[in-house]
Amino acid sequence: MIEKIEKVLLKESEIQKKVKELGEKISEDYKDTLPHLICILKGASIFHSDLIRNISIPLTIDYLSVSSYGDKTESTGRVHLVKDLDNPIKDRDVIIVEDIIDTGYTIEYLLNLFKLRKPRSIKLCALLSKPSRRRVPVKIDYLGFEIPDAFVIGYGLDFDERYRNSPDISILRLIEE
Ligand code: 5GP
């Protein structure tokens, strides 16, 4: 299998501009509360760390890790918890920070899990969305970019655990040898 970076979809400067806008919007919307920004590892790690530095009000953070992809580029639809949150979210104003919403299975699983813990409110912030791939409806409260149906890497997103360190987001094509 040959991996080919087909093209840069989103440049570092475009991503940083959008993250700044999202941070400003969240700072305004949550100015009277203490939002709790949950990073969904590992894909959202870079986005989450940039986003929180663009939020000007006090906040708290936590990390959770799920897995559904393995080393393939297609979702298995089966989501499982790899690492749970460290802290309770009861009565908190939670913002889930995700890298990308594809089929929607992962976020559906997370919303069901978190709602059982009785947060005061729960919203979703996703950097990317592939609406054409959706299998379950998802409401994205803060969205960076809608993208076409292609497998993307960079800015935290991996293929087989690589490419996360690229500051741009690119389309990766896999070619059978
Ligand atoms: P969903 O459950 O919505 O199908 O997929 C969500 C998760 O699958 C994302 O958090 C991400 O980790 C992974 N994913 C979905 N699409 C892509 C993609 O184009 N590239 C990469 N690297 N991961 C993706």
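Numbering of ligands and ligand atoms starts at 1, following listing order. Count residues from 1 along the sequence.
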Lys/Arg N to Asp/Glu carboxylate O, [X] vs [Y], below 4.0 Å:
{"X": "Arg173", "Y": "Glu3", "answer": "no"}
{"X": "Arg120", "Y": "Asp93", "answer": "yes"}
{"X": "Glu161", "Y": "Lys42", "answer": "yes"}
{"X": "Lys25", "Y": "Glu21", "answer": "no"}

Student check: side-chain heavy atoms of Asp50 and Tyr155 closer than 4.5 Å: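 In contact.
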
Side-chain contact test, heavy atoms from C-beta onward, threshold under 4.5 Å: evaluate it for Leu59 versus Tyr30 and give yes or no. no

Please list, in number order, the atoms of ligand 1 under 4.0 Å from a heavy atom of [X].
{"X": "Ala150", "value": "19 (O)"}
{"X": "Asp158", "value": "21 (C), 22 (N)"}
{"X": "Lys130", "value": "16 (N), 17 (C), 18 (C), 19 (O)"}

Would you kindly specify which portion of Glu98 sits under 4.0 Å from ligand 1, judged on non-hydrogen atoms: side chain, backbone, both or neither? side chain

Is the contact between Thr106 and ligand 1 made by the side chain, the backbone, both, or neither, using heavy atoms and a 4.0 Å cut-off?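 For Thr106, backbone and side-chain atoms both sit under 4.0 Å from ligand 1.
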
Is the Lys NZ or Arg CZ of Lys83 less than 6.0 Å from the centre of Tyr63's six-membered ring, within 45° of the axis? no

May I ask whether [X] places a heavy atom under 4.0 Å from ligand 1?
{"X": "Arg135", "result": "no"}
{"X": "Ala44", "result": "no"}
{"X": "Phe159", "result": "no"}

Any nitrogen or oxygen of Ile107, main chain or side chain, under 3.5 Å from a nitrogen or oxygen of ligand 1?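 Such a contact does not occur with ligand 1.
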
Polar-atom distance check: Val152 versus ligand 1, any N or O pair below 3.5 Å? yes

